[in-house]
Structure formats: structure tokens, C-alpha cells
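Accompanying notes for the structure given below.
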Amino acid sequence: RQMCIRDRRRVHGEIQSKFLREYNCAPMKEVRAVSSMMQMLSGQPLRFIPKTDLESQCSVAMIFRFQENLRGSITCPKLEAARLSTQNAAQMAKVSQELLSSCMLDRINAAPSSAFEVLFTQRTKNPRDRHAGQISFPGGHCEKGETDLCSAIRETAEEVNYDLANPSQFLFLGSSSKNFFAYFKRERRTMVRLHYFLQRPDFTAEPIGSPSEVSEVHWVRLRDLMSPDQYKTVTAKSTSMVNLFPKNSLKGALVRTLLSKTDHKCQYQGFPIGKDETVMYGFTLQLTMHFLNELKKANIGLDNLTDDELSQLDSIVNKGTHVAFNFDSFPILLNRMFVTLYDQHRLRQFRA
């Protein structure tokens with residue numbers, strides 16, 4: 001009888017120890033951190049934005065997947081549901097968030113330090129495309145009669161052959177609470193909305209880039225995006241500042257004149273991606289900063305991320321949402337003026 005009691009205690013202790021090791025390992029903490037962020041989003045009304053004649057609406061998809069050597073160890077319950085649409089998106093997001101929070105590791109041997117990878121694309125080089133060769137998320141402009149969510153689904157299918165509306169392949173986790181201002185084009189504001197998706201661990205198909213739109217696809221570890229050491233400072237001429245104001249506005253005319261008549265450089269944060277280390281910068285980097293900022297806010301006071309990790313996220317977001325200008329003429333005046341304008345009209349929205 002005493003041996004039986006000792007055996008039961010030993011087995012119970014092993015089970016408890018395994019559970020604690022699994023619960024506190026780095027991948028599961030990362031899963032819980034992302035899950036906490038998506039649950040924070042679910043507390044806000046989920047509204048989708050139709051295309052209008054007053055503004056140009058775009059949308060992009062931030063797609064997560066479990067790392068390859070982790071997928072076979074993740075248990076994610078099946079989801080029996082209809083295809084994702086604007087009508088059932090709120091319900092689908094709630095169910096998907098519950099599924100994400102219930103994901104468990106079957107084994108933790110040789111578990112990676114990061115649970116997730118994030119999909120980025122590199123645009124095909126095209127002289128008619130102002131963003132040719134740049135790193136971006138799958139996505140694009142809304143068509144007439146289309147909401148931003150439907151646009152993200154359609155554009156992702158066209159660019160990387162992923163069917164985000166299929167619940168047996170992808171889970172819709174939610175959408176950014178903000179609709180971000182990007183630039184003016186033909187006197188109309190262009191806005192961008194970010195949508196979050198998770199590739200199911202039992203769906204292993206790789207993205208296939210459309211040659212006319214995507215030259216390469218890249219999966220980047222979320223842990224690398226959360227590491228300050230992975231970022232670098234880039235120095236170049238400002239190309240986006242002139243598009244932050246309508247051409248017929250006084251500010252727009254002043255900015256274009258100063259940028260064309262003076263020698264200047266601007267410094268900003270970039271993230272090298274791929275073997276060629278193509279630098280992700282600009283609007284895609286700023287959307288990534290918004291995600292990291294939301295991740296930080298959702299996990300303050302929880303044990304998913306350490307104080308050092310939260311501090312690192314804060315540092316990354318602050319550096320990633322600031323730009324420094326260096327003008328040869330009137331440096332003090334122009335540097336301050338352009339930093340203030342760029343912050344007010346572009347960067348502040350990503351860290352607020």
C-alpha cells in the first residue's frame with residue numbers, strides 16, 4: 001500500500017512537473033502573449049470599412065504560423081464553420097481566439113525559442129511600381145463594393161495563393177482597431193487596415209508568390225521582430241514626406257519646395273530580411289511597430305513576457321516610430337520642423 005501511494009505521488013509529481021515545464025516554456029509564453037493581445041482586440045467592436053469615393057482604402061494581412069519543428073507538437077482543436085466573411089467575422093474571431101488560447105504543446109523536447117513566424121512578401125521589380133522590390137505584407141486596394149476584410153482575403157489569394165477564408169486552413173484572429181493614414185494620392189487620403197490570421201498547424205502548404213506581384217516570400221521569427229539587436233539604422237533621402245499632404249495645400253507646397261531645394265538625409269529604423277538582407281522599412285515596418293506596441297500593452301501585468309522583454313518592445317516601438325532629418329541648410333529649424341510634421345501626420349498613430 002505504501003509503495004502504491006509513493007507511485008501515485010511520483011506519477012502526479014511528474015505530470016505536474018511536465019505541465020509546468022510546458023506552460024512556462026518560451027514557445028507557450030509567446031502563444032499566450034499573442035492570445036492576450038487578440039483577446040484585448042476582441043473587447044472592441046469589429047467593424048469593416050467599405051470602399052468610398054472620398055478615400056482610397058487598402059488592407060493587408062499579417063499571417064502567423066507555428067515554426068516547423070513545433071507544428072507536430074501543437075494540438076489545435078478542429079473548427080467546423082462556414083467560410084470567413086464580413087457577416088460572420090466577429091463570431092469567427094472570437095472562436096479562433098479561444099482555439100489559440102487552448103493550443104497546447106504535446107511535447108517540448110527540442111522546442112524552438114520562438115513559437116511563431118510571420119509572413120512577409122517582397123514585391124516584384126517593376127518600373128511602374130513606386131514600391132517595387134520592397135518588403136510588405138500581402139494585401140492591396142479595396143475594389144468597388146468590397147470591404148477591407150474581403151480585400152485582404154482576395155489580395156492574399158492573388159499574391160501568395162493562400163485562402164484565408166477557409167477555416168480548415170486559417171484562423172481569423174481579428175483586425176486592428178485603427179484605420180491607418182498612409183499618404184495622399186490624387187488629393188485623396190489612402191488608408192490601410194491590418195488583419196491578423198493564424199495558419200493552422202495541420203495545414204503545411206507553403207505560399208506561392210505570383211510572379212507578376214511577388215518575387216520572394218519570407219517567414220520571419222516573431223522572436224526576431226521582438227529583438228532590438230535585429231534592427232539597424234538606415235540613412236537615405238525622404239521619399240514619403242511629400243505625399244503626406246495634398247498637393248494643393250500650403251503645407252504640401254512648402255514641404256515639396258524645401259525637399260527639392262535643399263540637401264537632406266533622414267535616418268530611420270529598418271529590419272533586414274532574407275539572404276540578401278533586404279531592409280523592411282516605411283509603412284510595413286510601422287504596421288509591425290503597431291502590432292508590437294499592442295502586444296506590449298496587452299501583456300503588461302501578466303507573466304507571458306518578462307519585464308526585460310516588455311522594456312525591449314517599448315524601445316523597439318519608440319525607435320521604429322521616429323525619424324531624424326538632417327538638413328545641410330538651416331539644420332536646427334528644418335530638422336525640428338520636419339520631425340514634428342512627420343510625427344504628427346504619420347508616425348504617432350502607430351504608437352498611440
Side-chain angles (χ1 to χ4, degrees), residues 31-52 55-66 71 74-104 115-119 121 137-180 191-205 207-208 222 287 290-291 294-295 298:
V31 171
R32 296 202 306 275
V34 174
S35 177
S36 297
M37 179 203 147
M38 298 305 167
Q39 289 173 7
M40 180 183 73
L41 287 180
S42 67
Q44 304 165 357
L46 187 59
R47 300 187 181 94
F48 297 108
I49 305 161
K51 176 181 173 61
T52 67
E55 292 182 341
S56 178
Q57 182 64 46
C58 299
S59 62
V60 296
M62 190 173 189
I63 303 172
F64 300 87
R65 75 173 181 184
F66 292 102
R71 287 174 220 156
I74 288 284
T75 299
C76 183
K78 291 287 185 182
L79 177 61
E80 300 294 336
R83 288 178 61 81
L84 175 65
S85 66
T86 303
Q87 288 71 31
N88 65 4
Q91 182 182 1
M92 292 279 281
K94 184 176 181 180
V95 172
S96 297
Q97 290 159 10
E98 292 173 354
L99 289 180
L100 176 60
S101 63
S102 67
C103 284
M104 292 297 292
F116 294 116
E117 297 173 314
V118 181
L119 178 65
T121 63
F137 292 114
H141 286 269
C142 293
E143 295 182 349
K144 188 174 182 180
E146 191 177 49
T147 65
D148 56 314
L149 176 63
C150 295
S151 172
I153 294 171
R154 175 184 54 78
E155 288 280 357
T156 301
E158 293 175 0
E159 292 182 10
V160 295
N161 198 35
Y162 267 176
D163 184 7
L164 297 180
N166 188 340
S168 65
Q169 299 177 2
F170 293 92
L171 301 177
F172 172 60
L173 298 176
S175 305
S176 62
S177 57
K178 295 181 180 179
N179 194 26
F180 299 99
M191 309 297 292
V192 180
R193 186 92 179 274
L194 181 60
H195 304 278
Y196 302 105
F197 294 85
L198 172 65
Q199 183 175 328
R200 292 185 59 90
D202 50 0
F203 178 67
T204 58
I208 302 173
L222 177 56
L287 287 174
H290 168 74
F291 162 74
E294 295 291 281
L295 187 68

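These numbers were taken from a predicted model, which means no experiment stands behind them.
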Any donor-acceptor pair under 3.5 Å linking the side-chain atoms of Ser59 with those of His195?
no
Is the closest side-chain donor-acceptor distance between Asp148 and Ser151 under 3.5 Å?
no
Considering only heavy atoms from C-beta outward, does the side chain of [X] approach that of [Y] to under 4.5 Å?
X      : Y      : value
Phe137 : Val192 : no
Leu222 : Phe291 : yes
Leu149 : Phe172 : yes
Leu171 : Leu100 : no
Leu41  : Leu173 : no
Leu99  : Leu198 : no

With Phe116, which residues qualify under ring pair (Phe, Tyr, Trp, His ring centres under 6.0 Å), at least two apart?
Phe64, Phe66
Name all residues meeting the salt bridge (charged side-chain N to carboxylate O under 4.0 Å, His left out) criterion together with Arg200; count only those two or more places apart in sequence or in a different chain, and write none if there are none.
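Checked Arg200 against salt bridge (charged side-chain N to carboxylate O under 4.0 Å, His left out); matches are Asp202.
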At what distance, to the nearest 0.5 angstrom, does [atom1] of [X] lie from [atom2] of [Y]?
X      : Y      : atom1 : atom2 : result
Leu164 : Arg154 : CG    : CZ    : 12.5 Å
Arg47  : Ser177 : CZ    : OG    : 11.0 Å
Met38  : Glu98  : CE    : CD    : 15.0 Å
Glu146 : Ile153 : CD    : CD1   : 9.0 Å

Heavy atoms of other groups near Lys178 NZ, more than 12 under 6.0 Å
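For Lys178, atom NZ is crowded (more than 12 foreign heavy atoms under 6.0 Å).
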How close do [X] and [Y] get, counting heavy atoms only, and between which atoms?
X      : Y      : value
Arg193 : Ser175 : NH2-CB, 3.6 Å
Phe170 : Asp163 : CD1-O, 3.4 Å
Gly139 : Glu159 : O-OE2, 2.7 Å
Met92  : Pro167 : CE-CB, 3.9 Å
Pro138 : Leu119 : CG-CD2, 4.1 Å
Ser85  : Asn88  : N-OD1, 2.8 Å

Residues in side-chain contact (heavy atoms from CB on, under 4.5 Å) contact with [X], at least two apart in sequence or another chain:
X     : value
Ala90 : Leu46
Gln39 : Ser35, Ser42, Ser101
Thr86 : Phe48, Thr147, Cys150
Glu55 : Thr52, Arg189, Met191

Does the Gln169 side chain pair with the main chain of Phe203, one donor and one acceptor, at a distance under 3.5 Å?
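Checking the backbone N and O of Phe203 against the side chain of Gln169, no donor-acceptor pair under 3.5 Å is found.
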Check whether Ser176 reaches the backbone of Leu194 with its side chain - one donor and one acceptor, N or O, closer than 3.5 Å.
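Yes; at least one donor-acceptor contact below 3.5 Å.
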